[in-house]
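So the structure is just underneath, and the comments pick up after that.
Here the structure is a predicted model, which is why all the values come from computation and not from measurement. Every number for a ligand or one of its atoms is a count from 1 in the order of the listing.
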Amino acid sequence: MSKKGFIFDLDGVIVDTAKYHFLAWKKLANQLGFEFTKEQNELFKGVSRKRCLEILLDIGKKEATQEQFDTWMIEKNVDYLEYIENMDASEILPDVPRVLAFLQESNIPIALGSASKNARPILEKVDLLHYFDAIVDGNNVTKAKPDPEVFLLAAKQLGVNPEDCVVFEDAVAGVEAANAANMISIGIGEQHILKEANYIFSDFTEMENSFVQELINR
Ligand code: BG6
Ligand code: MG
């Protein structure tokens, strides 16, 4: 049995930050004079900040100079940071700490593989940073999911072969990235959206430690 590594996406897997991203993008859209809906926000899951703004401007049929674009990226993030300022452990998604603790007790290295540039402060706020042996986030990668770069880098930092890694993801682009990296992909969310994943669970309460143990033993 070769050494295994487990990689977690952040937003939508560990914490439900999509609602805060939504509020910040909606504020910008409204300020630019158009609406932005929760359904449209689905397109933003797992997608880099820059790509999100491109999609937002497409939705609002807005042109932007480079300077405006850069300003709006900053404004959105300032608003987002305000929304997450008071986040605490109560916003951790159900049973995430149980799975993290089980892996740690089993001496399995754990990495974060997130598109967000705000990953580290969020893990600090919710007091989960201590579980992670490696953090790869939007500050470390040049290619966004569905490119496998983020997960390949995480595997490298853990010192584990990509094919011995397991990835937890809530976004289609993230599942695609995990599959492209030759890793076992576990979708967290809805079956019909994450159908490309090797396994799908609606959330971690559905996943027993015995299943995690099976993944470790594979
Ligand atoms: C991903 C989120 O984890 O991070 C996306 O699912 C978000 O919605 C992306 O756009 C980038 O996040 P941030 O914090 O760097 O703006
Ligand atoms: Mg996500």
Side-chain angles (χ1 to χ4, degrees), residues 6-29 36-59 69-85 87 91-94 96 99 111-126 128 132 135-151 153-154 166-179 181 183 185-190 193-194 196-197 200-204:
F6 279 61
I7 307 173
F8 289 73
D9 172 48
L10 177 72
D11 297 311
V13 169
I14 294 177
V15 281
D16 177 20
T17 37
K19 56 179 186 260
Y20 300 127
H21 280 294
F22 170 67
L23 289 173
W25 285 124
K26 184 174 158 57
K27 187 171 166 199
L28 179 62
F36 177 61
T37 66
K38 282 214 158 126
E39 288 67 41
Q40 289 165 331
N41 191 54
E42 285 299 307
L43 300 172
F44 285 33
K45 290 190 176 171
V47 176
S48 71
R49 195 183 309 165
K50 179 167 174 282
R51 184 71 198 117
C52 287
L53 181 53
E54 286 167 1
I55 303 172
L56 191 82
L57 295 178
D58 264 359
I59 292 171
F69 193 96
D70 295 344
T71 307
W72 293 337
M73 289 248 286
I74 293 169
E75 280 180 19
K76 183 270 170 178
N77 196 52
V78 167
D79 288 332
Y80 177 67
L81 290 177
E82 224 168 83
Y83 288 123
I84 63 168
E85 195 183 324
M87 257 184 110
E91 298 198 47
I92 299 171
L93 288 167
V96 169
V99 174
L112 191 84
S114 167
S116 173
K117 294 187 173 177
N118 297 304
R120 198 177 274 272
I122 291 176
L123 285 180
E124 271 169 16
K125 278 179 203 295
V126 301
L128 290 178
F132 291 85
I135 299 210
V136 181
D137 63 22
N139 299 297
N140 313 115
V141 294
T142 53
K143 290 175 241 150
K145 299 170 188 176
D147 188 282
E149 184 185 14
V150 60
F151 295 140
L153 204 56
V166 175
V167 174
F168 298 105
E169 255 297 344
D170 71 310
V172 176
V175 167
E176 285 172 4
N179 291 345
M183 299 178 176
S185 54
I186 316 271
I188 304 293
E190 291 183 47
I193 298 176
L194 301 173
E196 301 291 320
I200 304 166
F201 294 86
S202 51
D203 60 42
F204 283 98

What is the distance from atom OG1 of Thr17 to atom CG of Leu93, rounded to the nearest 0.5 Å?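 If we round to the nearest 0.5 Å, Thr17:OG1 and Leu93:CG are 8.5 Å apart.
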Hey, are [Y] and [X] close enough side-chain-wise for a donor-acceptor pair under 3.5 Å?
{"X": "Asn118", "Y": "Asn77", "value": "yes"}
{"X": "Glu190", "Y": "Ser202", "value": "no"}
{"X": "Asn179", "Y": "Ser185", "value": "yes"}

When you measure from the Mg ion (ligand 2) to the N, O or S atoms of Asp170, does any of those distances fall below 2.8 Å?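 Of the N, O and S atoms in Asp170, at least one lies under 2.8 Å from the Mg ion (ligand 2), which means yes.
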Going by the atom numbers of ligand 1, which of them fall below 4.0 Å from some non-hydrogen atom of Asn118?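 Within the 4.0 Å cut-off of Asn118, ligand 1 contributes 13 (P), 14 (O).
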Show the atoms of ligand 1 that are less than 4.0 angstrom away from any heavy atom in Lys45.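 Under 4.0 Å from Lys45, ligand 1 has these atoms: 6 (O).
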Measure the distance from [atom] to every protein heavy atom, then report the residue, atom name and distance (to 0.1 Å) of the closest one.
{"atom": "atom 10 (O) of ligand 1", "answer": "Val47 O, 2.7 Å"}
{"atom": "atom 12 (O) of ligand 1", "answer": "Ser116 CA, 3.4 Å"}
{"atom": "atom 6 (O) of ligand 1", "answer": "Gly46 N, 2.7 Å"}
{"atom": "atom 8 (O) of ligand 1", "answer": "Phe44 O, 2.8 Å"}
{"atom": "atom 16 (O) of ligand 1", "answer": "Arg49 NE, 2.8 Å"}
{"atom": "atom 15 (O) of ligand 1", "answer": "Lys117 N, 2.6 Å"}

Is a donor on one side and an acceptor on the other found under 3.5 Å between the side chain of Glu149 and the backbone of Thr142?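 Yes, because the side chain of Glu149 sits within donor-acceptor range (under 3.5 Å) of the backbone of Thr142.
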Side-chain donor/acceptor of Lys125 to backbone N/O of Glu85, under 3.5 Å: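 Between the backbone of Glu85 and the side chain of Lys125 there is a qualifying donor-acceptor contact (under 3.5 Å).
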Mind checking whether [X] has an N or O less than 3.5 Å away from an N or O of ligand 1?
{"X": "Asn77", "answer": "no"}
{"X": "Tyr80", "answer": "no"}
{"X": "Asp11", "answer": "yes"}
{"X": "Asp9", "answer": "no"}

If you count heavy atoms of other groups shown closer than 6.0 angstrom to [atom1] of [X], is the number above 12?
{"X": "Lys50", "atom1": "NZ", "answer": "no"}
{"X": "Lys27", "atom1": "NZ", "answer": "no"}
{"X": "Glu196", "atom1": "CD", "answer": "no"}

Describe, in one word, how the ring planes of Tyr20 and Tyr83 are oriented to each other, choosing from parallel (under 30°), tilted (30 to 60°) and perpendicular (over 60°).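 The arrangement is parallel - the two ring planes meet at less than 30°.
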Would you say Gly138 touches ligand 1, if touching means a heavy atom closer than 4.0 Å?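 Outside the 4.0 Å threshold, so no.
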Which atom, among the N/O/S set of Asp9, is closest to the Mg ion (ligand 2)?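 Of the nitrogen, oxygen and sulfur atoms in Asp9, the Mg ion (ligand 2) lies nearest to OD2.
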Measuring from the Mg ion (ligand 2), name the closest N, O or S atom belonging to Asp11.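 The closest N, O or S atom of Asp11 to the Mg ion (ligand 2) is O.
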Between Ala171 and Lys45, which heavy-atom pair has the shortest distance, and what is it?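 Closest pair (atom of Ala171, atom of Lys45, distance): CB-O, 3.6 Å.
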How does Cys52 reach ligand 1, by side chain, by backbone, by both or by neither, if only non-hydrogen atoms under 4.0 Å count?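 Contact part for Cys52 vs ligand 1: side chain (C-beta onward).
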